[in-house]
Structures are given as C-alpha cells and as structure tokens.
Amino acid sequence: MKKVEIYTSDTCIQCKKAKEYFENNNIVFIEYNISSNEEYKRELIKKGYLSVPVIVVNNQDILGFDVNRIKQLAGI
C-alpha cells in the first residue's frame, strides 16, 4: 500500500467522506487537520492550496475527494 495523507478541516464534509472511505477500505492514512494545527495550514498553503481536502498518495496531490484518482494512485 502506498503512503496516504490527507489535509482536512473540522467543517469539511468531503474530508469526512474521504476519511470514511479510507476506513471502510482499510486504507491507512495520516491526517493533517488544519483547524487544530496552524503548521499544517501553512504547509497546505505552501503547496499552493487554499481548500481541503487535499489527499496526497505517494507524494502526488489530489485536490478534493476523487475516488477514481485515489484508486489509481494507491493501486487499489
């Protein structure tokens, strides 16, 4: 399995759906919640993004919750 990371916020519906998808499909992920950690927010902005979710699969960014792209990059 590839490394999966997700930048989230407390109010993001798509973030919640993505995390549910990961959990339901036994995909281990690292969460970076920008609502509770200012450093994660700065990292996200440095990457060039102003919205969440941003999902990173094996160092490739996906803006939004795109199941097909996640499957493609994660090799699911």
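Position 1 is the first residue of the sequence, and the numbers go up from there. FYI, side chains are in, hydrogens and waters are out, and symmetry mates aren't considered; it's all heavy atoms of this structure.
Taking 4.5 Å as the limit, some side-chain heavy atom of Arg42 sits within range of a side-chain heavy atom of Glu38. Looking only at side-chain heavy atoms (C-beta outward), Tyr32 and Glu39 stay at 4.5 Å or farther from each other.
Interatomic distance, Asp61 CG to Ile55 CD1, rounded to the nearest 0.5 Å: 10.5 Å. To the nearest 0.5 Å, atom OG1 of residue Thr8 and atom NZ of residue Lys16 are 10.0 Å apart. For the atom pair CG of Asn25 and CD of Glu20, the computed distance is 11.5 Å after rounding to the nearest 0.5 Å. How far CG of Leu44 is from OG of Ser51: 7.5 Å, rounded to the nearest 0.5 Å.
A donor-acceptor pair under 3.5 Å links the side-chain atoms of Asn33 to the main chain of Ser35, judged by distance alone.
The aromatic rings of Tyr7 and Tyr40 lie perpendicular to each other, with more than 60° between the two planes, well past the 30° mark.
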Enumerate donor-acceptor pairs with a distance under 3.5 Å from any side-chain N or O in residues 62-74 to protein atoms, sequence neighbours excluded.
residue	atom	partner	partner atom	Å
Asp66	OD1	Asn68	N	3.3
Asp66	OD1	Arg69	N	3.1
Arg69	NH1	Gln72	OE1	2.8

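Other residues, nucleotides and ligands contribute at most 12 non-hydrogen atoms within 6.0 Å of the NZ atom of Lys41.
In the hydrophobic cluster analysis, where Ile, Leu, Val, Met, Phe, Trp and Tyr join through side-chain heavy atoms closer than 4.5 angstrom, Val56 is grouped apart from Phe29. One hydrophobic cluster, built from ILVMFWY side chains closer than 4.5 Å, cannot hold both Ile6 and Val54; they sit in different ones.
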